[in-house]
*Asks:* 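For reference, the structure I am asking about is given below.
All heavy atoms count here, side chains included; hydrogens, waters and symmetry mates do not. The sequence lines fix the lettering, A, B, ..., with proteins before strands; numbering per chain opens at 1.
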Amino acid sequence: MNIHKITNEALAAIFEEMADLLELSGENTFRVRAYRNGAMAIASLASPVADMIASGVDLSDIEGIGSTLAEKSKVIVETGHLPQLEKLRQEVPRGLRDLMRIPGLGAKKAMKLHQELGVLDLASLRDACQRGAVAAIKGFGEKTQQSILQNMDIVEKASKRLAIDVADALVTRLRAHFQECPAINQIEFAGSYRRCKETVGDLDILVTSDSPTAVMDRFAEFPAIQEILARGETKMSVRISDAFQIDMRVVEPDAWGAALQYFTGSKEHNVHVRSLAKSKGLKVNEYGVFDANDESRLVAGKTEQEVYQVLGLPWIPPELRENRREFASDAASRIAHLIRWEDIQGDLHMHTTATDGENTLEEMVQAAKDSGLQYIAITDHSKRVSVARGLDEAKLIEQWRAIDALNQKLAGAFHVFKGIECDILEEGPLDLSDDCLRQADWVTASIHFGQKQSRDQITDRIVRAIAHPCVHSISHPTGRLISRRNPYDVDMTAVVQAAKEYKKCLEINANPERLDLNDIMAANAADAGVLLVINTDAHSVSHFALMKYGVQVARRAGLSKDQVLNTRSLSAFREWLAQHTVRS
DNA sequence: GCCGTTTTCGGCCCGACTGTTTTCAGTCG
């Protein structure tokens, strides 16, 4: 059997395209949804479908994948393409998919534009609008035509999602803006922001107020607003610079919990919640939980806790609401033990002015103490990373002497471990001698160069580093920079297996540009029994605050504090080091 | 196309808003 090394992302994209093309051709919406669900299910799998098929796993055991999609996946993996998709592509112009990305245009309207006007893509749609041809079609009008023309310009920018820290800054500005509005009783930011996704596509503001009009008037005064997209009795949508959308809903206090639950999502989580309610003779909407037989009877709605409770569920932290494992039988205990920011006791990856950091050793130590940590490891770059003025053996040992002296002064109240972020060279070996590495307290290894190498080469380099007796951990194991650089092509299953075998840690890098391992990979590693470590990779004293984003990833992965090394107390961490360090 | 402690057939989450309509379809989240 010939197995194509197709990635899960590519496979999911094929099913996503199938869904779009089926929807355009007017196919049953449930069938369309089944393809979208299938794409979602595959995108959130931990191991590559190609590998699963090769090892005989029955894909239809995966929720959302039935016999049909399992068979199609197999065909794609074995042949590299899908006949049904090729056929659909010939029937439906591919450019119509772009039309569906224009706000206000869906499959039905896109197909109508094609049938009535011969529109094939964005360019021919623009032409048709400028001729005034669109306004003349039944069901369309002057306003629709105008909005299409306006929104077309947004399509290119609209794919931009805000990084979580940028979204955080926007939320802070909005909170300050609404502070001036006495009409607001409660306010919360829901959606993917509340679920702590690594990027945020829009913001959802939820408010209770006796005067919705006053709240919306205040919202309309937010300086960054470029356009008010819609405004009704209880709902308002605006667009701010860079085509970013903010939605606001005003709800009754008695519906606060139900609304918060509803607008936090995810969509897939809510679909599950509602169908669960239905099976219990209840009906859930954003106004509350109701008796399905007597819809005037409100069963719950004031708090999220009671909404989940009447459905027989524990309160599910927003980070877990992705319809992955939050409904499983062990969910309650997983939720009870979910890691929290305050569980973090140490930070084992950071830089100083010795290489590319902005602050001195002493400044970093003071800031770490101020942020409540018990210990840190200083891990400057090794010599190969010359752009960051990486340290050679002599300079590193000089730094370690300084750390020894500093620890004397700290007198046990706080401890600085002598570490290094040792580069994994292009050819495979580590950048520093074993003699030198053996003198370190903590060695984390990472790739900076040769990121374009083949999957086998990259995987081999990382696995070799894991097997090296002096290495404790691998930092930013995929090398991705969110929205800027793809992860390198690495077989994460092999990396996880090696980490398990050699009892080494894998990092969740808390820098919001990196956040790797991501939630799915971290969950997979932890399931395999690999210990994770959450580090800020701080390059300045202000970066200790980034730890929160790393913890968010860990929470989305469903990790408990036991599964993260640096939740341990100083003495427990020392004990771990003693058991996992080779000195001779 | 998926799914199943009443089901292998017949369901599939639910409501707000807009633009185009005279009562609703399409889109969105």
*Asks:* Sticking with atom P, work out how far dA16(B) lies from dG1(B), rounded to a whole angstrom.
*Replies:*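 Comparing P positions in dA16(B) and dG1(B) gives a spacing of 33 Å.
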*Asks:* Looking only at atom C1', what distance separates dT27(B) and dT20(B), rounded to whole Å?
*Replies:*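 Pairwise C1' distance, dT27(B) against dT20(B), rounds to 14 Å.
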*Asks:* If we count only N and O atoms by modelled type, under 3.5 Å, do the side chains of Y193(A) and D168(A) hold a donor and an acceptor together?
*Replies:*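 There is such a pair (donor and acceptor under 3.5 Å, judged by atom type) between the side chains of Y193(A) and D168(A).
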*Asks:* With sugar-phosphate meaning primed atoms plus P, OP1 and OP2, does E142(A) contact a base, only sugar-phosphate, or nothing at under 4.0 Å between heavy atoms?
*Replies:*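 Sugar-phosphate, backbone atoms only, no base.
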*Asks:* What heavy-atom pair brings D516(A) and R480(A) nearest, and what distance separates the two atoms?
*Replies:*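 Result for this residue pair: OD2-N, 3.9 Å.
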*Asks:* Which is true for I102(A) with a 4.0 Å heavy-atom rule: it touches a base, it touches only sugar-phosphate, or it touches nothing?
*Replies:*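 Sugar-phosphate only.
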*Asks:* Say you pick atom C1' in dT7(B) and the same atom in dC17(B); how far apart are they, in whole Å?
*Replies:*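 Rounded to whole Å, the distance is 37 Å.
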*Asks:* From C-beta outward on E63(A), which listed nucleotide comes closest to its side chain: dC3(B), dT20(B), dG29(B)?
*Replies:*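 Out of dC3(B), dT20(B), dG29(B), the nucleotide with an atom closest to E63(A)'s side chain is dC3(B).
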*Asks:* Quickly work out the L22(A) CG to dG1(B) P distance and round it to whole Å.
*Replies:*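 It works out to 8 Å between those atoms.
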*Asks:* Quick one: M40(A) CE to dC2(B) C1', roughly how many Å, whole number?
*Replies:*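 Going from CE in M40(A) over to C1' in dC2(B) covers 15 Å.
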*Asks:* May I ask you to say what S147(A) touches in the nucleic acid, namely base, sugar-phosphate or nothing, with a heavy-atom cut-off under 4.0 Å?
*Replies:*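 The answer is nothing, as S147(A) stays clear of every strand by at least 4.0 Å.
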*Asks:* With a 4.0 Å cut-off on heavy atoms, is A277(A) in touch with a base, just the backbone sugar-phosphate, or nothing at all?
*Replies:*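 Here A277(A) touches no strand at all.
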*Asks:* Is there a Watson-Crick or G-U wobble partner for dG15(B) with both distances under 3.5 Å, and if so, which one is it?
*Replies:*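 Base partner found: dC28(B).
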*Asks:* Output all residues satisfying side chain to side chain donor-acceptor pair (under 3.5 Å) with D165(A), sequence neighbours left out; order by chain, then residue number.
*Replies:*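 If we apply the side chain to side chain donor-acceptor pair (under 3.5 Å) test to D165(A), skipping adjacent residues, there are no hits.
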*Asks:* When every nucleotide of nucleotides 9-15 of chain B is labelled 5' to 3' by its protein contacts under 4.0 Å (heavy atoms), B for base, S for sugar-phosphate only, - for none, what sequence of letters results?
*Replies:* ---BBBS
*Asks:* Does G64(A) reach a base, just sugar-phosphate, or nothing at all? Heavy atoms under 4.0 Å.
*Replies:*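 Since only primed, P, OP1 and OP2 atoms lie under 4.0 Å of G64(A), the category is sugar-phosphate.
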*Asks:* Is the centre of the H269(A) ring less than 6.0 Å from the centre of the F327(A) ring?
*Replies:*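 They qualify: ring centres under 6.0 Å apart.
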*Asks:* Which of these nucleotides, dC17(B), dG29(B), dC2(B), is closest to any side-chain atom of T68(A)?
*Replies:*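 Side chain of T68(A) sits closest to dC2(B).
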*Asks:* Between dT21(B) and dG11(B), how far apart are the C1' atoms? Round to whole Å, please.
*Replies:*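 Pairwise C1' distance, dG11(B) against dT21(B), rounds to 31 Å.
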*Asks:* Are more than 12 heavy atoms, taken from residues, nucleotides or ligands other than Q245(A), located less than 6.0 Å from that residue's CD atom?
*Replies:*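 Enclosed.
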*Asks:* Donor-acceptor pairs are to be reported for all side-chain atoms of residues 58-68 of chain A against protein atoms at under 3.5 Å, with residues two or more places apart or in another chain.
*Replies:*
| residue | atom | partner | partner atom | Å |
| --- | --- | --- | --- | --- |
| D58(A) | OD1 | S60(A) | N | 3.1 |
| D58(A) | OD1 | S60(A) | OG | 2.9 |
| D58(A) | OD2 | S60(A) | OG | 3.2 |

